[in-house]
Amino acid sequence: MNITQQANGKAPDMPAPSSPTTLWGMSGPVRRRLSWTRAASAGLLAVLVLFALIGPLVWRQYAGQDLSQFLRPPSFAEPFGNDHLGRSVIARLAHATRLSLGLALLCVTTAGIAGVALGLLAAWRRGWVDQLLLGISEIFLALPALLIVLIFAALASGEMWTIYLGIALAQWVEYFRVVRARSLSVFASPAVEAANLLRLGPVHVLRRHLCPELAPVLLTMASLGMATAVLAMSTLSYVGVGLKPPTAELGLLITESLPFYYEAPWMVAAPIVVLLLLLSGLLGLRTQEVRR
Amino acid sequence: MTILSTPSPPPSHPAETRRDHSLTRAAGKVLARRAAQAVGVTLAVTITCFVIVQNLPGDIAFRIAAGRYGYDKVDASTAAEVRADVNLDAPAWQQLGGWILDALRLDFGTSLVTGASVTDELALHLTATLQLAAVALVLSVAGGLLLGLLAAQNRGGAVDRLTDAWVSLVRALPPFILGLVLIIVFSVQLGWVPAAGHGERGNIVLPAITLAVGLSGLFARVTRDAVAQVLESGHVHFARTKGLARHVVLARHVIRNAGVTLVSYIGVQVLILVEGVVVVESLFAWPGLGHALVHAVFWRDIPAMQATVLALALIVVVVSTLVDLAVLALDPRTREAQ
């Protein structure tokens with residue numbers, strides 16, 4: 001949601017900084033500290049991905065109710081205890097993490113592929129194709145992402161595909177705008193002109209000129225976009241228009257455990273901590289990009 | 001930079017009028033572009049909502065009848081009455097045309113749930129949202145500006161590092177969790193302010209703070225970067241060398257230049273604000289557009305959803321237009337780019 005908009009409202013219009021160190025007056029120590037942040041975020045994410053991949057295999061029973069285990073405090077076998085229906089909290093957490101990461105990856109891939117393809121198309125064909133796509137993207141720019149996702153939620157609320165489509169549809173515009181703007185300048189550069197004169201063909205231009213220019217930006221946007229998707233999904237189910245119980249989803253885990261925050265604070269804390277770690281891991285990956 | 005390189009002489013009169021022309025021309029282009037955007041959004045949202053209504057499960061006539069006359073009085077005859085009244089038997093394209101014309105007249109029909117006029121309710125929601133958004137925006141701009149200025153003055157210093165940590169923290173903190181924590185601490189544990197609702201004194205405190213914290217972090221960073229960039233520039237060095245006092249340099253040379261970046265950033269902030277409003281209003285039961293939107297989505301009250309989405313989108317368009325115009329007025333260089 002908002003996280004992405006912040007970067008991409010600026011990104012397409014910003015001239016590429018010639019020398020990052022002098023432009024924002026960034027001193028040496030700050031740079032080192034930031035790459036350290038990046039490494040830490042990558043490590044954090046690796047742990048979470050591992051949890052999402054292996055967790056559901058270790059703790060299989062995420063839906064099984066056992067009311068005799070009502071709000072049991074944490075133990076060695078159940079590090080986060082059992083919830084109000086006696087379900088294992090850590091099993092539900094593992095499944096929720098897997099769901100969040102998986103769906104976010106799917107959304108970002110879809111939006112990324114669509115946005116990059118359309119951006120390249122617009123920059124390549126120019127003319128009415130470009131104008132049409134630009135006009136459509138203007139409409140999307142006036143609609144904050146959450147609104148688009150909400151409209152889709154109204155179509156068939158509680159179903160995964162509406163959330164997937166909504167988030168993907170809200171995000172393609174960013175890739176489109178950035179790829180279009182950057183490709184236009186790449187196509188106009190003397191290097192590409194030379195390549196064309198040498199008849200090196202579109203594949204060469206794509207591989208040697210476009211990819212190096214676009215790849216770092218796209219990777220940054222993807223990690224941001226995943227954070228946005230994770231946040232949007234948990235927010236939607238938190239306000240009651242996203243996925244429905246008994247799905248194990250981070251926002252739902254928080255909502256469901258809230259009534260018991262006094263008796264079982266660990267149950268509320270666990271999903272909140274996982275969500276925060278997930279978001280800071282995804283956002284931390286791009287810290288360097290922000291400050292250039 | 002040497003003293004010899006004097007600034008260019010003040011523009012003579014003809015040049016001045018030419019520049020004014022460039023402003024009007026650029027402003028005209030901005031207005032045309034934004035008007036097209038507004039019309040595009042209205043059409044897109046209206047058509048989408050129409051398609052959703054066409055595909056809602058069940059007979060829409062019964063839903064409308066339930067909204068109008070209450071669930072007890074829904075039967076085939078009231079549904080037929082509604083059908084004739086709303087012209088539900090007309091071909092789809094005619095109905096869609098009617099929807100679009102109505103939307104342009106700001107008539108969004110009646111709510112499918114309460115049966116009240118959507119437009120009347122919209123006015124109430126809009127006031128509440130603008131109230132909340134204004135307080136949050138003022139808080140965040142004041143806080144962010146202060147932090148950013150302090151951080152930029154002493155880069156790498158304690159304030160800068162603290163701001164940095166604050167910004168990173170706030171970015172990874174979803175508004176609904178922040179709101180939750182604020183409710184638990186300040187209204188449940190300490191009992192200082194009411195947790196949720198509207199109309200009592202102090203109701204606005206928590207939602208406004210929740211919104212403002214999320215916005216202030218980013219604003220602080222943008223301020224810091226913009227001010228730092230200006231501080232590095234030649235003309236600021238010159239002003240310092242000339243012997244101007246620190247605060248004079250800041251007021252005359254730095255803030256105005258950094259202002260261009262900051263003003264255009266407000267355009268980005270309004271998007272964040274609109275999304276924040278949806279979440280925060282639902283969390284704190286603040287009866288604004290966002291709260292109404294979530295309700296409409298939950299109950300599939302499509303006319304209400306159409307109206308609230310359009311209102312929020314048009315707020316974005318209007319603010320963006322104002323920002324565009326302000327930037328044109330502040331920075332003559334942008335006029336040629338138009």
Side-chain angles (χ1 to χ4, degrees), chain A residues 1-3 5-10 13 22-27 29-30 33-34 37 135-136 138-148 150-151 153-157 227 231-232 234-236 238-241 251 254 258 261 268 272 275-284 287 290-291, chain B residues 33 36-38 40-41 43-45 48-49 52 55 155-156 160 164 168-169 171-177 180 184 214-215 218 221-222 225 228-229 231-232 264-265 267-276 278-279 282-283 293-294 296-298 300-302 305 309 312-314 316-317 320:
Chain A
M1 291 176 337
N2 51 20
I3 308 160
Q5 238 98 31
Q6 176 264 335
N8 296 299
K10 287 198 306 182
D13 315 320
T22 55
L23 190 68
W24 299 106
M26 207 157 76
S27 47
V30 179
R33 189 160 55 88
L34 288 180
T37 317
I136 294 175
E138 290 271 304
I139 294 176
F140 277 90
L141 283 185
L143 286 172
L146 198 58
L147 295 194
I148 300 177
L150 275 170
I151 294 178
L155 253 179
S157 103
L231 179 56
S234 59
T235 304
L236 280 185
Y238 184 81
V239 295
V241 290
I254 298 174
L258 266 185
Y261 92 97
V268 191
I272 292 185
L275 181 60
L276 290 184
L277 289 180
L278 209 51
L279 288 175
S280 39
L282 287 167
L283 289 172
T287 324
V290 186
R291 302 299 295 273
Chain B
R33 199 186 122 224
Q37 191 185 25
V41 166
L43 285 181
V45 171
T48 311
C49 289
I52 294 180
N55 291 309
R155 264 156 296 146
D160 193 16
D164 215 46
S168 311
L169 182 80
R171 292 192 70 199
L173 193 63
F176 74 91
I177 289 186
L180 212 59
I184 289 179
L215 291 172
L218 290 168
R221 167 162 284 173
V222 172
D225 286 352
Q229 193 192 5
L231 279 179
E232 298 276 307
S264 44
Y265 183 67
V268 180
Q269 258 198 325
V270 73
L271 282 171
I272 308 176
L273 192 63
V274 164
E275 291 192 329
V278 173
V279 179
S282 315
L283 184 60
L293 173 59
V294 170
V297 169
F298 189 82
R300 297 216 194 151
D301 186 353
I302 308 300
M305 181 177 94
V309 167
L312 289 170
L314 291 181
V316 172
V317 175
S320 311

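The model shown is predicted, which means the values in this text are computed figures rather than measured ones. Proteins get letters first, then strands, A, B, ... in listed order; numbering begins at 1 in each.
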Under a 4.5 Å heavy-atom cut-off, does chain A meet the side chain of B/L180, its backbone, both or neither? side chain
Counting only non-hydrogen atoms closer than 4.5 Å, does B/V45 touch chain A with its backbone (N, CA, C, O), its side chain (CB onward), both, or neither? side chain
Which portion of B/L314 sits near chain A, non-hydrogen atoms under 4.5 angstrom: neither
Which bit of B/V41 is near chain A, if near means a heavy-atom gap under 4.5 Å: side chain, backbone, both or neither? both
Can you tell if the side chain of A/L258 reaches within under 4.5 Å of the side chain of A/Y238, non-hydrogen atoms only? yes
Less than 4.5 Å to any heavy atom of chain A: does that hold for the side chain of B/L283, its backbone, both, or neither? side chain
For A/I254, is it the side chain, the backbone, both or neither that has a heavy atom under 4.5 Å from a heavy atom of chain B? side chain
Measuring heavy-atom distances to chain A, does B/L173 have an atom under 4.5 Å in its side chain, in its backbone, in both, or in neither? both
Of all the heavy-atom pairs spanning B/I52 and B/I302, show the shortest one and how long it is. CG2-CD1, 3.6 Å
Applying a strict 4.5 Å limit to non-hydrogen atoms, the region of B/V309 in contact with chain A is both
Heavy atoms only, distances under 4.5 angstrom: which of B/V270, B/L43, B/I177 has the most pairs with chain A? Name it, please. B/I177
For the residue pair B/A313 and A/L147, what are the closest heavy atoms and their distance? N-CD1, 4.5 Å
Of all residues at least two apart in sequence or in a different chain, which pass the side-chain contact (heavy atoms from CB on, under 4.5 Å) check with B/A172? A/L279, A/S280, A/L283
Shortest non-hydrogen pair, B/V317 vs A/A142, comes out as CG2-CB, 3.7 Å
Under 4.5 Å to a heavy atom of chain A? For B/V294 that would be both
With a 4.5 angstrom heavy-atom cut-off, could you sort out which part of A/L278 is near chain B: side chain, backbone, both or neither? neither
Shortest non-hydrogen pair, B/S282 vs A/V239, comes out as CB-CG1, 3.8 Å
Closest non-hydrogen atom pair between B/M305 and B/C49, with its separation: CE-SG, 4.0 Å
For B/Q37 and A/L141, which heavy atoms make the closest approach, and how far apart are they? NE2-CB, 4.2 Å
